[in-house]
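I have placed the structure first, in the form of structure tokens, so that the comments after it can refer back to it.
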Amino acid sequence: MIKVYHPWPVPVQALCYSQPSALTDMEVWVHRVRERGLVGSDVRFAVRREDVPVGVLSDEAGTREVRPSAYLVFARDGFEVVDRMSFLRRYREP
């Protein structure tokens with residue numbers, strides 16, 4: 001489930017990879033945000049099937065992997081992947 005987190009530096013939307021089904025939700029989310037024109041047409045999200053599936057976010061800056069317990073975060077600058085500890089230091093639920 002996509003949630004809003006506060007405060008640093010402004011509220012963001014984020015989804016945690018807490019179970020493999022979250023990767024499907026991330027893929028749909030990125031697709032919808034791209035369709036709305038909120039990110040570039042080059043932004044993609046795919047699921048790489050391994051022993052533990054991995055999400056792969058790609059755009060003009062390169063590719064980033066979403067591994068278990070990481071967060072996919074959407075802020076005013078687009079999507080980013082944040083590891084759990086960094087995320088919990090920066091954000092909290094409202």
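Please read all numbers here as calculations on a predicted model, not as lab measurements. Quick note: numbers below take in every heavy atom, side chains included, and nothing from hydrogens, waters or symmetry partners.
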Side-chain donor-acceptor pair present, H31, E35, cut-off under 3.5 Å: yes

Between CZ on residue F79 and CZ on residue R44, distance to nearest 0.5 Å: 12.5 Å

With sequence neighbours excluded, residues passing side chain to side chain contact (heavy atoms under 4.5 Å, CB included) with R32: V28

Flag side-chain contact, heavy atom, 4.5 Å: E93 against Y5: yes

CG on D25 to CE on M1, rounded to 0.5 Å: 10.5 Å

Min side-chain heavy-atom separation L15-F74 under 4.5 Å: no

Close aromatic pair by centroid cut-off 6.0 Å: Y91 and Y71: no

Centroid-centroid distance, W29 to F45, less than 6.0 Å: no

D59 and R64 ion-paired at < 4.0 Å: yes

Euclidean distance, L23 CG relative to R67 CZ, rounded to 0.5 Å: 10.5 Å

Non-hydrogen side-chain atoms of V81 and L72 separated by less than 4.5 Å: yes

Qualifying residues under ring-ring contact (aromatic ring centres under 6.0 Å, His included), relative to Y17, sequence neighbours excluded: none

